[in-house]
Student: 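Sharing a structure below in structure tokens format, with a few things to ask.
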Amino acid sequence: MSPWWTNAVIYQVYLRSFADSDGDGIGDLDGVRSRLPYLHDLGVDGIWLTPFYTSPMNDGGYDITDHRDVDPVFGTLADFDALLADAHALNLRIIIDLVPNHTSDTHPWFHSHDRRKRYIFRPGRDGGPPNDWESVFGGPAWSPAPDGDDWYLHLFDATQPDLDWHNPEVADEYADILRYWLDRGVDGVRIDVAHGLFKADGLPDVGYAGQDHRLDVLPFFDQDGVHDVYRRWRKILDSYPGDRIGVAEAWAPTADRLALYTRPDELHQAFNFPFLLAPWQAPAVRAVVDRSLAAGSSPTWVLSNHDVQRHRTRLGSAARAQAATLFMLALPGSAYLYQGEELGLPEVLDLPDEALQDPTFSRSDGADRGRDGCRIPLPWTAQAPAFGFSQTGRPWLPMPADWAELSVQAQQRRTDSTLALYRHALRLRRSFAGELAWHDAPEGVLVFSRSSLTCTTNFSDRDIAITAPGSPVLSSAPLPPIRDDGAVLIPKETCVWWQ
Ligand code: NOJ
């Protein structure tokens with residue numbers, strides 16, 4: 001039998017926005033714990049929990065002060081243990097975030113006498129920063145040292161100094177943090193900026209402004225040195241019982257470079273961002289699926305997360321989003337869902353400036369409005385203004401007044417809701433097996449099968465007739481009856497599963 005993670009569906013809980021148990025307007029561990037039955041009913045296999053560690057929250061908790069403790073806003077270590085125990089009792093795995101590229105500038109190391117050995121400090125050049133590197137959040141990747149006339153590197157916010165992974169003390173500390181959480185019983189780690197830990201020797205200039213941090217070949221990403229780290233971590237993961245896994249959040253300029261992160265002695269999986277980025281076009285989607293399957297390791301699929309525009313908005317309609325989801329869930333491999341996509345939540349595009357919290361907004365001087373629009377708290381009930389996300393508090397980001405209809409409560413009552421579709425799909429998916437085989441299909445349509453399942457997806461904006469490949473078991477939109485001659489009209493932007 002293949003290990004659990006090779007075909008798992010993992011649900012990403014963005015902790016601050018999932019469920020608030022104590023009324024401060026911010027989601028917390030007890031909130032997640034109280035909603036475990038919901039996740040169990042939804043039919044997922046596990047949860048990826050975003051950072052809950054002690055943090056000043058300048059980057060939503062990806063700026064960590066203490067990797068071994070829970071921030072009071074999220075609860076306590078005892079709350080974490082209780083969540084883990086309850087999740088395991090329901091057969092739900094828990095994957096936590098490990099953030100090795102940087103810490104918060106409030107981390108004790110950044111205030112210790114040898115901070116220059118643990119972080120990356122360099123003398124400036126011509127009165128400016130040491131080189132031309134740009135922060136992923138906008139602006140220069142360097143800030144003046146608080147205690148000298150040199151500069152320190154931060155690929156993200158200025159409050160997130162990059163660690164110096166050439167220092168063995170840094171590597172040992174992270175191996176220890178990893179063991180600390182594995183000892184507590186977590187089922188795996190999602191590794192933040194897994195491609196960032198090592199920088200090219202000499203920290204050479206990139207040579208141009210407007211660096212594309214996702215796809216360019218850059219001296220601060222995807223350097224070969226990172227792979228020794230993952231080899232070491234793999235040994236640690238394998239030394240624990242129960243198939244603990246490492247999942248890379250890695251961006252690499254080519255599929256081949258990305259595949260290196262999931263070699264048999266490195267991490268188990270890497271998020272499939274090329275799939276997420278694929279445009280809504282049959283040939284482009286087919287090509288990215290083929291490339292992903294050819295990469296050889298355990299394939300993963302993802303359409304949304306807390307860093308990108310929600311796929312309902314990105315793809316352009318609720319119909320496309322639902323079709324894309326069914327297409328994804330039929331593929332071999334494991335899938336990562338982002339909280340709220342099962343409700344069909346759209347990106348919130350009209351947040352007022354004063355509500356925005358993502359550092360990207362200020363660091364880009366407002367040019368990039370940031371990622372808050374996909375991080376709006378979940379609507380559980382129909383009661384505005386907090387829709388059951390929080391009993392008393394004001395949600396940390398305002399929730400649109402018309403989200404009652406999208407709430408879990410409202411969707412649980414309807415059999416034609418997005419939530420019902422996800423539940424049904426996740427139940428059916430458990431029986432899928434086998435490799436993918438493509439079949440001939442009219443332009444704009446993709447048809448593949450895996451043993452007894454056939455998946456037909458019409459990417460075009462017109463209804464297209466095909467020969468029905470079996471009996472329909474699930475469709476992302478109402479399907480007209482099969483005609484006497486065996487043909488069926490697949491509505492535009494619709495995915496249908498057949499058996
Ligand atoms: C990737 C995380 O997903 C994102 O939310 C965060 O801002 C950066 N890494 C920096 O840690």
Side-chain angles (χ1 to χ4, degrees), residues 10-18 27 47-65 67 71 95-107 110 119-120 133-139 141 153-163 165 174 177 189-197 199 211 213-214 218 220-222 226 246-252 258 261 267 269-273 276-277 300 302-310 336-340 347 356-364 368-376 396-397:
I10 307 287
Y11 181 100
Q12 180 190 352
V13 168
Y14 189 69
L15 188 54
R16 296 196 293 170
S17 303
F18 189 69
I47 301 167
W48 152 30
L49 197 59
T50 56
F52 48 80
Y53 317 102
T54 322
S55 162
M57 309 288 167
N58 289 326
D59 182 23
Y62 283 94
D63 46 326
I64 298 172
T65 314
H67 292 83
D71 195 278
I95 293 175
I96 60 166
D97 240 296
L98 189 62
V99 185
N101 181 68
H102 45 265
T103 69
S104 164
D105 63 355
T106 59
H107 191 287
F110 201 67
Y119 296 89
I120 302 175
W133 296 2
E134 291 168 355
S135 154
V136 174
F137 292 164
L153 177 70
H154 53 85
L155 293 180
F156 295 89
D157 191 48
T159 63
Q160 292 167 294
D162 277 52
L163 287 159
W165 272 82
Y174 272 91
I177 294 168
V189 286
R190 173 263 188 194
I191 297 142
D192 188 66
V193 205
H195 54 310
L197 316 192
K199 282 72 182 174
Q211 296 147 24
H213 293 105
R214 292 174 167 186
L218 294 166
F220 47 84
F221 279 147
D222 192 37
V226 300
V247 186
E249 186 231 0
W251 291 88
L258 188 61
Y261 291 79
L267 299 169
Q269 294 180 332
F271 292 123
N272 191 340
F273 294 127
L276 182 153
L277 294 178
T300 68
V302 59
L303 288 165
S304 282
N305 65 35
H306 66 296
D307 291 329
V308 299
Q309 198 172 66
R310 282 189 175 276
Y336 283 80
L337 306 180
Y338 176 50
Q339 67 179 42
E347 184 83 4
L356 297 179
Q357 312 229 0
D358 182 356
T360 309
F361 180 60
S362 53
R363 288 199 56 88
S364 70
D368 184 339
R369 294 190 66 77
R371 301 161 292 177
D372 293 310
C374 67
R375 298 175 174 180
I376 308 297
W396 69 279
L397 285 172

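Counting convention: from 1, in listed order, for ligands and their atoms alike.
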Student: Which N or O atoms of ligand 1 sit under 3.5 Å from a protein N or O, and how far apart is each pair?
Tutor:
from: ligand 1; atom 1: 3 (O); to: Arg190; atom 2: NH2; distance (Å): 3.0
from: ligand 1; atom 1: 3 (O); to: His306; atom 2: NE2; distance (Å): 2.9
from: ligand 1; atom 1: 3 (O); to: Asp307; atom 2: OD2; distance (Å): 2.4
from: ligand 1; atom 1: 5 (O); to: His306; atom 2: NE2; distance (Å): 2.9
from: ligand 1; atom 1: 5 (O); to: Asp307; atom 2: OD1; distance (Å): 2.7
from: ligand 1; atom 1: 5 (O); to: Arg371; atom 2: NH1; distance (Å): 3.3
from: ligand 1; atom 1: 7 (O); to: Asp59; atom 2: OD1; distance (Å): 3.2
from: ligand 1; atom 1: 7 (O); to: Asp59; atom 2: OD2; distance (Å): 2.6
from: ligand 1; atom 1: 7 (O); to: Arg371; atom 2: NH1; distance (Å): 2.9
from: ligand 1; atom 1: 9 (N); to: Asp192; atom 2: OD1; distance (Å): 2.8
from: ligand 1; atom 1: 9 (N); to: Asp192; atom 2: OD2; distance (Å): 3.3
from: ligand 1; atom 1: 11 (O); to: His102; atom 2: NE2; distance (Å): 3.0
from: ligand 1; atom 1: 11 (O); to: Asp192; atom 2: OD2; distance (Å): 2.7

Student: Just checking, is any N or O donor in the side chain of Ser55 or Ser104 under 3.5 Å from an acceptor N or O on the other one?
Tutor: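 Looking only at side-chain atoms, Ser104 and Ser55 do not form any donor-acceptor pair under 3.5 Å.
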Student: Rounded to the nearest 0.5 Å, how far does NE2 of His213 lie from CD of Glu134?
Tutor: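 Result: 6.0 Å between the selected atoms.
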Student: Among residues at least two apart in sequence or on other chains, which ones pass ring pair (Phe, Tyr, Trp, His ring centres under 6.0 Å) with Tyr174?
Tutor: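 Applying ring pair (Phe, Tyr, Trp, His ring centres under 6.0 Å) to Tyr174 gives His67, Trp165.
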Student: Would you say the side chains of Asp97 and Tyr62 form a donor-acceptor pair under 3.5 Å?
Tutor: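 Yes - a donor-acceptor pair under 3.5 Å links their side chains.
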Student: Using the test salt bridge (Lys or Arg N to Asp or Glu O under 4.0 Å), find all partners of Glu249 that sit at least two apart in sequence or belong to another chain.
Tutor: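 Salt bridge (Lys or Arg N to Asp or Glu O under 4.0 Å) check on Glu249 returns Arg190.
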Student: In chain order, what residues pass the salt bridge (Lys or Arg N to Asp or Glu O under 4.0 Å) check against Asp372, with sequence neighbours excluded?
Tutor: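 In terms of salt bridge (Lys or Arg N to Asp or Glu O under 4.0 Å), with neighbours along the sequence ignored, Asp372 is linked to no residue.
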